[in-house]
Amino acid sequence: MDTQNLRAFLLVAESGSFSKAAKRLHLTQPAVSKRIAQLEAQLNVSLFDRIGRRISTTEAGEALLPHARAVHLELQAAQQSVRDLAGEVRGRLRLATSHHIGLHRLPPLLSFFSKAFPAVQLDIDFMDSEQAYELTLQGEVELAVVTLAPSSIVNIVTRPIWLDPLDFMVQEGTQLTRKKALGLKELSQHPAILPGLNTYTGQIVKSLFEQRSLPIQIAITTNYLETIRMMASVGLGWTVLPRSMRDPSLATLPIRDARIERTLGAIHHEGRSLSRAAQAFIEALESFEGSVKD
């Protein structure tokens with residue numbers, strides 16, 4: 001079975017699009033269609049249903065998908081093993097990270113790493129932590145530095161790096177800041193600006209209120225913490241942000257019955273043989289002066 005045809009099948013199945021797969025493979029769309037046709041002919045089955053513009057895997061396609069992913073991971077591991085024989089820390093490291101970590105945690109480490117390992121080509125993609133998990137599971141990124149999921153995810157190895165305390169905040173000088181102590185029940189009666197409740201940070205906040213059987217009056221949601229800080233600072237509602245993000249425009253609310261935090265760290269697929277570059281990056285994360293559990 002041709003591995004290039006399998007790769008094309010995998011990308012079409014995961015993206016739901018021949019054009020997106022073609023872009024990833026640096027091929028034309030007809031070339032991708034030809035590879036899928038060759039694979040279907042070899043297996044004597046249809047792998048995709050094409051209804052209008054919608055593409056979905058058939059029963060045979062669903063059966064092939066986990067095996068195609070396994071083959072892709074094994075080929076990556078084989079290539080990496082051969083490259084690592086050279087011994088030098090070099091090559092391309094595809095790294096995914098969240099916007100917040102990329103802005104507030106990684107800059108000094110990236111500066112150190114690029115000087116210590118000049119032969120490593122860093123390819124950094126900024127995305128939501130949840131998307132980084134998915135791409136790691138699919139074998140598309142070797143390493144991700146993200147907000148760790150509240151519970152373990154199958155096939156993902158996690159390496160906690162930072163504890164990130166979260167605080168309830170609101171615009172400085174508003175009515176809520178005049179109270180010496182607040183409870184979640186009182187806070188639930190005011191509008192909130194939060195990360196999407198499908199995000200890991202949003203899930204932490206949602207779980208806190210659900211444990212007390214309290215509603216959240218969500219006024220606005222966005223996954224960009226910098227945007228949330230701006231909207232809270234102009235008085236659109238209270239929010240939950242990393243303690244390190246508070247500025248003079250925001251006040252920390254003294255919530256007496258809640259203490260929350262999240263964990264930031266590195267993840268990789270348990271079935272992937274990490275390159276020397278990825279191993280060196282993890283070691284730098286765990287030992288770098290700016291990367292301590294605070």
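FYI, the numbering just counts along the sequence from 1. Predicted model only: the values in this text are computed from it and were never measured.
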**Study point:** Contacts of type side-chain hydrogen bond (donor to acceptor under 3.5 Å, both in side chains), residue Glu40, not counting sequence neighbours
**Key:** none

Check your understanding: CD of Gln175: more than 12 outside heavy atoms within 6.0 angstrom?
Key -> no

**Study point:** Electrostatic pair Glu14-Arg69, nearest N-O below 4.0 angstrom
**Key:** yes

Exercise for review: Give a yes or no on whether Tyr200 and Ile204 share a hydrophobic cluster (residues Ile, Leu, Val, Met, Phe, Trp, Tyr; joining criterion: side-chain heavy atoms under 4.5 Å apart).
Suggested key: no

Revision key, fill the gap. Interatomic distance, CH2@Trp238 vs CD1@Ile216, rounded to 0.5 Å, equals 5.5 Å

**Study point:** Exceeds 12 heavy-atom contacts within 6.0 angstrom, atom CD of Glu226
**Key:** yes

**Study point:** Leu39 side chain near Leu47 side chain, heavy-atom distance below 4.5 Å
**Key:** yes

**Study point:** Residue from Asp164, Thr252, Asp167 passing side chain to side chain contact (heavy atoms under 4.5 Å, CB included) with Arg243
**Key:** Asp167

Exercise for review: List for me each residue that meets side-chain contact (heavy atoms from CB on, under 4.5 Å) alongside Thr158, sequence neighbours excluded, and say none if there are none.
Suggested key: Tyr133, Leu148, Ile156, Ile267

Study note, to complete from the structure: Per side chain to side chain contact (heavy atoms under 4.5 Å, CB included), Arg262 is matched among Pro150, Ser129, Pro242 by Pro242

Review point. In terms of side-chain geometry, is the basic nitrogen of Arg92 or Glu142 positioned less than 4.0 Å from the acidic oxygen of its partner?
Key: no

Review point. Is there a path of hydrophobic side-chain contacts, each under 4.5 Å between heavy atoms of I, L, V, M, F, W or Y residues, that connects Val71 with Phe9?
Key: yes

Review point. Can we say Arg35 and Asp2 salt-bridge, meaning some charged N sits less than 4.0 Å from an Asp/Glu carboxylate O?
Key: no

Review point. Measuring from Met127:CE to Leu135:CG, what's the distance to the nearest 0.5 Å?
Key: 5.0 Å

Practice item. Could you tell me the separation between the CG atom of Leu106 and the CD1 atom of Ile101, rounded to the nearest 0.5 Å? Key: 6.5 Å

Check your understanding: Looking only at side chains, do Gln38 and Gln42 share a donor and an acceptor under 3.5 Å apart?
Key -> no

Review point. When you look at CG of Asp247, are more than 12 heavy atoms from neighbouring residues, nucleotides or ligands closer to it than 6.0 Å?
Key: yes

Check your understanding: For atom CZ of Arg259, is the number of surrounding heavy atoms from other residues, nucleotides or ligands below 6.0 Å larger than 12?
Key -> no

Check your understanding: Side chains of Gln211 and Ser207: is there a donor and an acceptor less than 3.5 Å apart?
Key -> yes

Review point. Could you give the distance from CG (Asp128) to NE2 (His100), rounded to the nearest 0.5 Å?
Key: 13.5 Å

Check your understanding: So, Thr199 versus Thr201: side-chain donor-acceptor pair below 3.5 Å or not?
Key -> no

Exercise for review: State the CD1-NZ distance between Ile255 and Lys185, to the nearest 0.5 angstrom.
Suggested key: 14.5 Å

Exercise for review: Step through it carefully: locate the ring centre of Phe117, locate the ring centre of Phe281, and say whether they are under 6.0 Å apart.
Suggested key: no

**Study point:** Rounded distance [0.5 Å steps], OG in Ser188 versus CZ in Phe209
**Key:** 6.5 Å

Review point. Between the side chains of Ser19 and Gln29, does any donor sit under 3.5 Å from an acceptor?
Key: no

Review point. When you check the side-chain N and O atoms of Ser249 and Gln171, is any donor under 3.5 Å from an acceptor?
Key: no

